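Predicted model, so just to flag it, every value in this text is computed and none were measured.
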Amino acid sequence: MNIVLGSIILLMILMGHVGLHLAIYNRLNSTGLTRRRIKQIEKFFLATMLLIPPLVIGLYPGAVSEFLRGNLSLSQLPTLLVGYGTLCLSTWLLLGIPWLLWRPVFALEWVDAARDVSHYRVQDEVGVPLARSTACKWESRLPLNQIFHLAVERISLPVMGLPRELDGYRIAHLSDIHLTGDVQPDYMDFVIEQANQWKPEMFAMTGDIIDKQPCIDWLHEMFHRAIAADGCYYILGNHDTRVVDPGQTRRELTRAGWTDLGTRSISRRLRGVDVELIGNEHPWFTRPALASSSGNLFRILLSHSPDQLTWARQHEVHLMLAGHTHGGQGRLPWVGPLMSPSYHGSRYASGDFYKSPTTMHVTRGLGGVHLLRLWCPPELSLIELRCPINSSSKFLELC
């Protein structure tokens, strides 16, 4: 084995080692485990990711150079070390190829939805400093950080099965507010104002609203200004379990005029059409019990996580709105997101997708506990539902 081939193999093992730990992180944060348990497991795997390479070099000094020269056979290495190296190489097939195929640049399962995007430096718009905490003041000044660079995205979303009466129906989709106390309420006031100016027929908020107990007192003042003819609906997410009693969050939002859709379904008439609105907060709260659909009833699902797509398809949901993933919180040019708290990794980190019979929109969300966003600005999704109009569209080819 020449030194070039050996170097390539070692680099692939190292990248597989990192990729394996990244996959564990993504899937771990899609579970319903408590925050404390998740953090304990995260710390363990962070330690193994950082320590295994130098530990191997320390235990077997000179082994790397001998391997590169071709003077070291696998039989001379411990079985455990060879096995782990093989596992790291296998991640290129088991995880690497699927990860590559689901990059946004290839747009597999994506809906070709037209977007009109306006960008706002919210701090300049509201005229007051938005950072309340020292950490937020420091991090918001970091180069490339887009934490206060709001993208208002007007999305023309084709939805299979959409009744013609609902063609052009407008939904303002909010998610992942993450009220931690680090950011002034003026930020969300500006978001609500932008949504109201668009005159949505419905507001939909898909969880992770609050992180810190004192911020519960902000909810009524912040959200009672939302105006929509057909109402404002919300569900909770995993971060909403961090307060003493999530019921307080529900009560304050209900007092602000929002309808709690969590773990249940309700019937509404939208533009004279019977529609079933469903809330799915699984795995942090229970799933709703649904009756089977005849196929004629248009179903809209608010789900905190895109991981509920399979459940949505099984229950004949036509339109699913989700968040949770923050678009990966950071993205690389062309490559897209690496981290995403989902069973599917970064496959559904953000965007518009279709798997029959469900069209799913995943927003990047509006906030975050981590006060850093790289090439991934917060998103206010203003969605205009559309009936697909011709068989040549990319959307219908997916059908």
* M12 backbone acceptor or donor facing W92 side chain under 3.5 Å -> yes
* To do: Verify salt bridge (charged side-chain N to carboxylate O under 4.0 Å, His left out) between E109 and R347, making sure each step is shown before the conclusion.
  => CA-CA 10 Å; E109 295 182 354; R347 177 174 173 178; 3.0 Å; yes
* Work out which heavy atom in S175 is nearest to a heavy atom in H324; give both atom names and the distance. => OG-N, 4.3 Å
* To do: Answer yes or no on whether R141 is positioned over the face of W138, meaning its NZ or CZ is under 6.0 Å from the six-membered ring centre and within 45° of the axis.
  => no
* Asked: Mind checking whether H173 and H361 have ring centres under 6.0 Å apart?
  -> yes
* How many angstroms lie between CD in E153 and CG in L380, if you round to the nearest 0.5 Å? -> 9.0 Å
* To do: Please state whether the rings of Y348 and W102 are parallel, tilted or perpendicular, taking 30° and 60° as the class boundaries.
  => tilted
* So, the side chain of R103 versus the backbone of F106: is there a donor-acceptor pair under 3.5 Å, distance only? -> no
* Structure fact -> Taking every heavy atom of L14 against every heavy atom of P53, the minimum-distance pair comes out as CD1-CG, 4.0 Å
* Ignoring hydrogens and angles, tell me if any N or O in the side chain of N29 forms a donor-acceptor pair with the backbone of Y25 under 3.5 Å. => yes
* To do: Sort and list the pairs that fulfil ring-ring contact (aromatic ring centres under 6.0 Å, His included) and have at least one residue in residues 221-242, not counting sequence neighbours.
  => H178-H239, H220-H224, F223-W258
* Dump the intermediate steps for salt bridge (charged side-chain N to carboxylate O under 4.0 Å, His left out) on R268 and D230, then the final yes or no. => CA-CA 8 Å; R268 288 289 185 271; D230 292 325; over 6 Å; no
* Go through R251 and D245 one step at a time and tell me if the salt bridge (charged side-chain N to carboxylate O under 4.0 Å, His left out) criterion holds. => CA-CA 10 Å; R251 287 190 290 273; D245 176 14; 3.3 Å; yes
* **Check: R313 side chain, T358 main-chain N or O, donor-acceptor pair, under 3.5 Å** => no
* Verdict with reasoning, L290 to S265, per side chain to side chain contact (heavy atoms under 4.5 Å, CB included) -> CA-CA 7 Å; L290 295 184; S265 67; 3.7 Å; yes
* Derivation of the salt bridge (charged side-chain N to carboxylate O under 4.0 Å, His left out) call for R386 and E384 -> CA-CA 6 Å; R386 289 296 182 187; E384 191 171 34; 3.3 Å; yes
* Asked: When you look at OH of Y343, are more than 12 heavy atoms from neighbouring residues, nucleotides or ligands closer to it than 6.0 Å?
  -> no
* To do: Would you check if the side chain of D240 reaches a backbone N or O of I209 as a donor-acceptor pair within less than 3.5 Å?
  => yes
* Asked: Can a donor-acceptor pair be found between the side chains of S342 and D307 at a distance below 3.5 Å?
  -> yes
* Would you confirm whether E201, through its side chain, and R170, through its main-chain N or O, come within 3.5 Å as a donor-acceptor pair? => yes
* **Sidechain-backbone polar pair: E379 side chain, R364 backbone, donor-acceptor under 3.5 Å** => yes
* Can you tell me how far the CG atom of L20 sits from the OG1 atom of T48, to the nearest 0.5 Å? -> 8.5 Å
* Asked: Quick one: does S350's side chain have a donor or acceptor within less than 3.5 Å of a partner on G327's backbone?
  -> no
* On the ring face of Y187, is R121 found with NZ or CZ under 6.0 Å from the centre and within 45° of the axis? -> no
* Asked: What distance separates D116 CG from S118 OG, expressed to the nearest 0.5 Å?
  -> 5.5 Å
* When rounded to the nearest 0.5 angstrom, what is the spacing between CG in L371 and CD in Q329? -> 8.5 Å
* Donor-acceptor pair, R132 side chain versus K137 backbone, under 3.5 Å? -> no
* Structure fact -> To the nearest 0.5 Å, atom NE2 of H149 lies from atom OG of S140 at 9.0 Å
* Structure fact -> CD1 (I147) and CG (D182) are apart, to the nearest 0.5 Å, by 8.0 Å
* Distance flag, aromatic centroids of H304 and W284, threshold under 6.0 Å -> yes
* Asked: Is N145 reaching over with its side chain to a backbone N or O of L142, donor-acceptor style, under 3.5 angstrom?
  -> no
* Is the count of non-hydrogen atoms from other residues, nucleotides or ligands lying under 6.0 Å from M49 atom CE greater than 12? -> yes
